[in-house]
Each structure stands twice: as structure tokens, then as C-alpha cells.
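Letters A, B, ... are given to chains in the order of the sequence lines, protein chains preceding strands, and every chain is numbered from 1.
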There are 2 protein chains.
Amino acid sequence: MRTGGEETKRKILAVAEDLFSEKGFDGTSVGMIADAVGINKGLIYYHFKNKNDIMISLFLNVIEELSEYLDKNSTRSGDASLSIDTTEKIRQEIGFLEKRKRILSVIVMEALKSEDEDNFLLKCAQMHLNHEIEEIGGIEKSKTTGFSGDNEFLVYEFFTGFVPIIFFVVMKEKWCRFYGCDGDRLLDLFLDSFERTHLAAHMRQTKR
Amino acid sequence: MRTGGEETKRKILAVAEDLFSEKGFDGTSVGMIADAVGINKGLIYYHFKNKNDIMISLFLNVIEELSEYLDKNSTRSGDASLSIDTTEKIRQEIGFLEKRKRILSVIVMEALKSEDEDNFLLKCAQMHLNHEIEEIGGIEKSKTTGFSGDNEFLVYEFFTGFVPIIFFVVMKEKWCRFYGCDGDRLLDLFLDSFERTHLAAHMRQTKR
DNA sequence: GTCTATAGCAGGATAGAC
DNA sequence: GTCTATCCTGCTATAGAC
């Protein structure tokens, strides 16, 4: 196929993403990754400094993709996107996140370790929240005063908006297995709940 | 102190809880636990079958304590508790969960591994949700039809109620460190958001 | 109930041949 | 760029003395 080592590197990342999300970072060995890719253990150390470097690489990919996605789907620069209602926007966002659900699981797992210094989950959240604030700042600047005080808006957006969405994405399959229900149906039910809780509060606040 | 081995066993569990939540289950070795307790590695295998047995033991403790808590604080059997408003009830629940936040982190971490078969997080959630349903069933039986269909109420309770609360408990410290804010203040802000989203939707539904 | 000792293996990482 | 071989450390778990 003549792709040099780039193809191998991509494979390593793809397999690592799978295994890390299945077994956790510490539960996955470099040997397991090598075996699953079908290469030698030593080769991994040609492409990556160490095991941690693989995970960081995956994390940085997500941050980059998320950044691009947020910029592209900004209602400030967008044209057609302005006509899309909020629930549909959330549905699209969930679609985007579901493609990255495996690495998102790892980000959440690692974020829960209290020894974790630079918390990628909170970094992702902050990117997302900054974007939300910009949106509101651009379109409904005058109305944001509804959220008074320091971190009030941040806390609301994070714990009742960001967290349920991320958790929905990473737990969807497990939930369906546990309760024996259909994934598409669950998405609709989730969006309905999300609309009636987080989004409803948003409306009430910004329409003041 | 003459406590036989029970005191040692308790210490092992307490230390394991700390280390598992700091480094994750797979990131913690039996030797690390033994060192932190100040006993020999081998002694751990006298009290527990293997490393996994320690975690399961911790998980079962939580399930038991949660069960007791839910029974005790049921508004059906309770007398004084009937006079407590919902937000205050949530505040108490968070207080209860915060004492178990370390093992809760571990439960969440483990629940995210896709190889995990018996998902303790979903088991805890189900206990909690069953209790919620019973409460409503007992007090406002006739009004629950507001939540039509199969899993609609379950999805709503889990993703917009249970999940934000659990996440608040396990992420509180990290959030405060990241944004440099006060824990008590964050709790108030969270409860405010929770009231305006999850609880507000609840009111609208049950008051139909 | 607690410790010492150790088996036995798997882990991360490196050196060097091809 | 990929593989083989290997180092060495650390791991889980057990056996047996005290």
C-alpha cells in the first residue's frame, strides 16, 4: 500500500482507542495493542514515545476535531445553520460525539482519577462552554444578564447540559443492553428529556 | 486494640478506596495498598480472595448503604421528612453521596469500560429510580401518566437527574481546582441549576 | 492473624539486526 | 519502517514459618 509508517501509526491509534475504552488505559498493555494491530511490540515505540503518548495523541486529536466542529457549526459564521432549531443542533452534536464515543469514555475515565493533573474533560468542556457563551454573546448579548453572578451560567451549562450529553453518548450502548431497548428510541427519549430540562431553562432565562 | 482481623480488613478497604479513586483500579497494585496500610502484601490475600474481590466488597457496601438510605428517607414511611422540600432532599442526598464519592468515582470508571458485564452504576441507578417511582406511585399515583410510554420517565430521571448529581459529586473537587472556586458556593449554584432544569420539569409533569 | 519468601509471569521500554 | 531479542522491574498470587 506504500503509506510509509503513517498507516501503521493510524492503525495503532485506532486499535488503542478501542482497547482503552474496553479495558481502560491501565488495563490495556502495549503488547495487547501490538497483537491486535498485528505488529511487533517494539514497533509501537518507534511511533510513540511511550504508552501514555498514545493516549495523549488520541486526546489531542479529539480536542482538534472538537475545535473544528465548534467553529464550523457556529451560528455566528453559519448561514444555513441559523435556520436549524436547537434540538436539531443537539442531535447533530450527539452524532458528532458518538463517532468519538470510545475515546470520550477514556477521557471521562481518566478525568475521574484524582491524581490526574491536566484534566482533558474539563478542557473539552471549557471549549464547548466558551463557544456557547460566544454564541449567546453574539446573538442575544443583552439577555445574558438573566444568568447573574460569577460561574452560574458555567455550572448550569456544564452539569445540566454538557454532562448529560457526554454521559448519554458514552453510556448509550450499556443502557440499551441493560434495559434491552433500542438505541434510536433512546436518543429520541433523551432529546425529549433534554429539551424539557436544560433547553427549557435556557429559554426561560434568555427570553426574560 | 484486640479487634482480630476485622480492623485490618477495614483499613485495607479504606485505603483501597482512596487509591482506586486516585489511580483507578488497574492503576493500583496490591503492594501499594499493603504499603499504605502498613502491612505485608501477603496479608491482603488472607482477607480477600484477590484484588477484584476488594473492589466488589466496596461496591456491595455502597449498594447496601444506598439501600438503607433510600428506605430510611422514603417519604412514604417518613414522618418529618414529608415537610422537607425537594431541593433540601437533594441537598441531603448529595451530602450522603459525597461521603462515598471516592468509591463512586471507581464505580463510574468501571462502568465506562465496555467489557464490564455487571454494571454497578446502572444497578445503583436502578435502585434510585425504583425508589423515585415508588415515591411518586405512593403520593401522586394518578398524575404519573404525564410521563407516557415505556422508558420515558426512566430516561428523564437517569440522564437529567441521577447523572448530573453523581457527576457533581465525583467532579466537585476537580471543578473547584480547575476554576478556582469554593465548594460550598458550587453546591448552591448546582442546586439552583438542578432546580431550574430537572426539578422544574418534574413539577410541570406531575402537576398536569 | 501476620510475616517472609518466592514462584512465575507480564509489564514497559530499549538495542540492534534487517 | 519493521522485527527479534532482551532487560529489568513490578505484578498477582501462593506456600509456609511464626
Q: Verify the contact: side-chain N or O of B:Asn40 to OP1 or OP2 of C:dT4, cut-off strictly under 4.0 Å; return yes or no.
A: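 For B:Asn40, the contact criterion (side-chain N or O under 4.0 Å from OP1 or OP2 of C:dT4) is met.
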
* Give a yes/no answer on whether the side chain of A:Ser29 brings an N or O atom under 4.0 Å of OP1 or OP2 in C:dG11. =>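 Yes, such a contact exists.
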
Could you check how far [atom1] of [X] sits from [atom2] of [N], rounded to whole Å?
X	N	atom1	atom2	answer
A:Phe48	C:dG12	CZ	P	15 Å
B:Lys51	C:dG11	NZ	P	12 Å
A:Ile44	C:dA13	CD1	C1'	12 Å
A:Asp53	C:dA13	CG	C1'	13 Å

For B:Gly31 and for A:Tyr46, find the nucleotide of DNA chain D with the closest heavy atom, then tell me which residue's nucleotide is more 5'.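 It is A:Tyr46, whose closest nucleotide lies nearer the 5' terminus.
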
* Asked: Between A:Glu152 and B:Arg196, is there a side-chain N and carboxylate O pair less than 4.0 Å apart?
  ->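 The answer is yes: the pair qualifies as a salt bridge.
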
Do NZ/NE/NH1/NH2 and the carboxylate oxygens of B:Arg91 and B:Asp188 come within less than 4.0 Å?
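Counted as a salt bridge, because a side-chain N and a carboxylate O are separated by less than 4.0 Å.
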
Under 3.5 Å, side chain of [X] to main-chain N/O of [Y], donor-acceptor pair present?
X	Y	value
A:Lys172	A:Leu186	no
A:Lys51	A:Thr28	yes
B:Thr160	B:Glu157	no

Nucleotides bounding contact with chain A, strand DNA chain D, heavy-atom threshold 4.0 Å: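 On DNA chain D, the outermost contacted nucleotides are D:dG1 to D:dT4.
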
Exercise. Between A:Phe120 and A:Lys123, is there a cation-pi geometry (under 6.0 Å to ring centre, at most 45° from the normal)?
Worked result: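 Here A:Lys123 passes the 6.0 Å and 45° test against A:Phe120.
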
Find out whether the Lys NZ or Arg CZ of A:Lys9 is both under 6.0 angstrom from the six-membered ring centre of A:Phe48 and within 45° of the ring's axis.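 A:Lys9 over A:Phe48 ring: yes.
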
Can you find a heavy atom in the side chain of B:Tyr156 that is under 4.5 Å from one in the side chain of A:Thr197?
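A side-chain contact exists here, since the closest heavy-atom pair is under 4.5 Å.
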
Self-check item: Close approaches to DNA chain D from residues 14-26 of chain B, in residue order (heavy atom, under 4.0 Å)
Solution: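 Close to the strand, none.
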
